[in-house]
Amino acid sequence: MFIVTAKEMYDIDHCTMQKIGFGKLLMENAGREVARKISQRARVTDKLLVVVGPGNNGGDGFVVARTLLNEQFDVKVLQAVPDEKLSEQVQFYKNLYHACGGEYVAFDGDGAWKKAIAEADIVVDALLGIGIKGAVRKGLDAVVTCINERAKKVLAVDIPSGLPADEGLTDFTAVKADETIIIAAPKISTFLPHTAGYYGKWEVVSIGHPAKLFAKSATRFIADSNYFQRTMPKRNLDAHKGSHGKGLVIGGSDHMPGSFAMTLRAALRAGAGLITAASTEKVIDGIANLTPEAMYQTIASNDGWLTTGDLPLDGKDAVAIGIGMGRHADTAKLLQKAVNASACPLIIDGDGLYHLQNNLHLLKQRKHPTILTPHMGEMARLLQVDISELAIKPFHYAKVFAEKYNVYIVLKGRFTIITAPDGRQAVNTTGNQGLAKGGSGDVLTGIVLSMVMQPQSIFQALCNACFVHGMSADLQIASGHTYYDLLATDVIEGIAGVYRHFLDPKNS
Ligand SMILES: NC(=O)C1=CN([C@@H]2O[C@H](COP(=O)(O)OP(=O)(O)OC[C@H]3O[C@@H](n4cnc5c(N)ncnc54)[C@H](O)[C@@H]3O)[C@@H](O)[C@H]2O)[C@H](O)CC1
Ligand SMILES: [K+]
């Protein structure tokens with residue numbers, strides 16, 4: 001499923017209506033699809049109020065109202081702007097609604113309309129769509145406020161009114177919807193920390209746009225279960241342990257041994273063939289029995305912190321560095337060495353990202369893929385921007401950084417954004433608040449390490465790693481865990497369930 005900006009949606013709409021020839025049909029399709037979803041949610045006894053505004057979102061609203069009216073629902077329209085404000089296309093659909101006997105609630109001074117909003121069982125928000133510019137203007141802002149304060153249940157058409165479709169905007173007043181029926185494709189603001197909540201539960205309805213137009217216009221998509229099932233490589237019968245990658249994990253310190261151990265185990269559980277763990281002697285002594293399937297190698301350390309020395313990089317298919325590594329100055333030299341000497345995909349996580357801040361210039365020299373797995377705080381530091389600025393424009397900043405330094409980025413968050421050096425982006429929507437705990441990131445790094453060693457592109461590997469990681473947490477919650485008790489180690493043990501659930505069991 002593609003993710004679009006407002007402009008991309010307009011371009012697709014325009015091409016569909018003008019070039020392909022859909023014309024007014026598109027709005028009829030939109031309204032009928034939204035009405036179908038509403039009729040599945042509404043009881044026949046419900047009072048429905050469709051609030052329509054000046055633009056095509058309002059036009060959708062008139063089609064919704066007419067469709068529900070013709071299905072014998074108790075529906076009325078609250079037109080929040082005078083007729084002269086309606087475009088020709090919207091007027092056309094208003095006329096049809098009227099001709100079918102549609103009724104209205106007057107938008108007049110005495111405030112009866114506010115009572116209508118309060119008394120409706122469902123308010124259908126078709127006030128404003130993706131054409132919003134800036135904060136909702138006076139007059140309509142009172143409607144938004146009244147809906148938020150008095151409506152029992154709000155179903156938004158395409159986008160909650162007043163909410164920007166794109167990233168980067170914070171000055172808005174918007175309807176807080178219980179559910180949003182999104183038309184054709186989710187907008188960027190569906191996946192931003194400060195706007196996602198306004199959509200409530202959401203689902204997308206297709207209204208007839210040619211699929212090829214999305215592929216041409218949009219550069220972002222949701223890496224969902226279909227994508228996972230389509231791209232995750234199957235295991236063949238004559239595979240041997242070398243077939244699934246020989247990975248190296250460099251990390252840990254005498255002061256933080258645990259996180260490192262989880263990365264190893266996650267990599268093996270996710271399907272890596274061979275994993276070598278390089279850390280201090282004390283770390284290895286402490287964890288070797290936890291994952292006997294891994295191989296262990298002591299590397300140079302000083303006072304419990306890793307320092308630069310020989311690294312077992314030869315013959316490795318991918319390397320992950322940084323987990324639990326600490327921020328000691330000597331460890332920075334180890335990071336530099338791994339960046340310069342690893343002749344395979346390199347995943348930099350945790351404290352590796354801390355040391356990378358002063359070594360970004362090294363990235364451009366690399367001839368092999370580099371993957372960064374920052375959370376928002378680590379990404380903000382790498383970008384040297386405030387985290388609040390990053391949080392309102394994560395797609396933009398991740399794309400700029402990935403293209404500038406020729407790296408892949410897994411920007412972790414409620415909606416993890418995967419970005420390729422060429423600017424392609426994907427969003428992972430699996431996972432839940434049970435992952436907001438120590439170790440979750442270390443587990444993801446292990447899954448990423450395993451995935452990048454399988455026969456798939458790096459971008460596919462990153463999307464599939466995030467999918468498996470989040471879906472494991474989701475399945476664990478569904479089978480008895482709670483958001484409170486879920487541990488990172490449960491996510492490791494849940495990986496099998498994801499493979500069994502989504503891939504053919506005999507191949508996983
Ligand atoms: N293009 C199509 O045929 C289809 C579009 N779909 C629906 O249309 C909307 C987008 O329509 P558009 O007319 O561009 O924008 P809006 O409906 O959001 O309304 C714009 C309208 O609102 C006024 N306005 C702009 N900013 C403000 C503001 N800050 N305060 C108050 N009023 C504002 C502006 O003057 C315009 O009159 C899309 O979301 C879909 O719902 C169909 O789904 C498919 C066909
Ligand atoms: K709306």
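Only this structure's heavy atoms are used, side chains among them; waters, hydrogens and symmetry mates stay out. We count ligands from 1, going down the list as the structure has it; atoms in each ligand are counted the same way. Along the sequence shown, residues carry numbers from 1.
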Identify every side-chain donor-acceptor pair in residues 462-471 under 3.5 Å, counting partners at least two apart or on other chains, and give the distances.
residue, atom, partner, partner atom, Å
Asn464, OD1, Thr231, OG1, 3.4
Asn464, ND2, Thr231, OG1, 2.9
Asn464, ND2, Gln456, OE1, 2.9
Asn464, ND2, Gln460, O, 3.3
His469, NE2, Ser440, O, 3.0

* **Thr180 near the K ion (ligand 2) via N/O/S, less than 3.4 Å** => no

* Does Ala156 bring an N, O or S atom to within less than 3.4 Å of the K ion (ligand 2)? -> no

* **Vertex the K ion (ligand 2), arms to Leu128 O and Ser161 OG, rounded to 10°** => 70°

* To do: Measure up the Phe62 and Tyr97 rings against each other and bin them: parallel (under 30°), tilted (30 to 60°), perpendicular (over 60°).
  => tilted

* Asked: According to the ring-ring contact (aromatic ring centres under 6.0 Å, His included) rule, which pairs have a member within residues 141-182, sequence neighbours left out?
  -> Phe172-Tyr198

* the K ion (ligand 2) is nearest to which N, O or S atom of Asp125? -> O

* **Distance-only donor-acceptor check, side chains Glu389 and Tyr397, under 3.5 Å** => yes

* Asked: Does any N, O or S atom of Ile159, backbone or side chain, fall under 3.4 Å from the K ion (ligand 2)?
  -> yes

* Quick one: is the NZ or CZ of Lys24 closer than 6.0 Å to the six-membered ring centre of Tyr93, and within 45° of its axis? -> no

* Asked: At the K ion (ligand 2), what's the angle from Val157 O to Asn57 OD1, rounded to 10 degrees?
  -> 80°

* Side-chain H-bond candidate by donor/acceptor type, Asp474 with Asn432, under 3.5 Å -> yes

* **Within the protein, residues bringing a heavy atom under 4.0 Å of ligand 1, chain by chain** => Tyr10, Asp13, Met17, Leu26, Ala30, Pro54, Gly55, Asn56, Asn57, Asp60, Gln89, Leu128, Gly129, Ile130, Gly131, Ile132, Lys133, Gly134, Ala135, Val136, Arg137, Leu140, Asp158, Ile183, Ile207

In residues 411-422, what donor-acceptor pairs under 3.5 Å come from side-chain atoms, sequence neighbours left out?
residue, atom, partner, partner atom, Å
Lys412, NZ, Thr373, O, 3.1
Thr416, OG1, Gly413, N, 3.3
Thr416, OG1, Gly413, O, 3.3
Thr419, OG1, Gln425, NE2, 3.0
Asp422, OD1, Arg424, N, 3.0
Asp422, OD1, Arg424, NE, 3.2
Asp422, OD2, Arg424, NE, 2.8
Asp422, OD2, Arg424, NH2, 3.4

* Do side-chain atoms of Asp490 reach the backbone of Leu486 as a donor and acceptor pair under 3.5 angstrom? -> no

* Asked: For Asp171, does the CG atom sit with more than 12 other heavy atoms under 6.0 Å from it, leaving out its own atoms?
  -> no

* 3.4 Å cut-off met by an N, O or S atom of Ala126 to the K ion (ligand 2) -> no

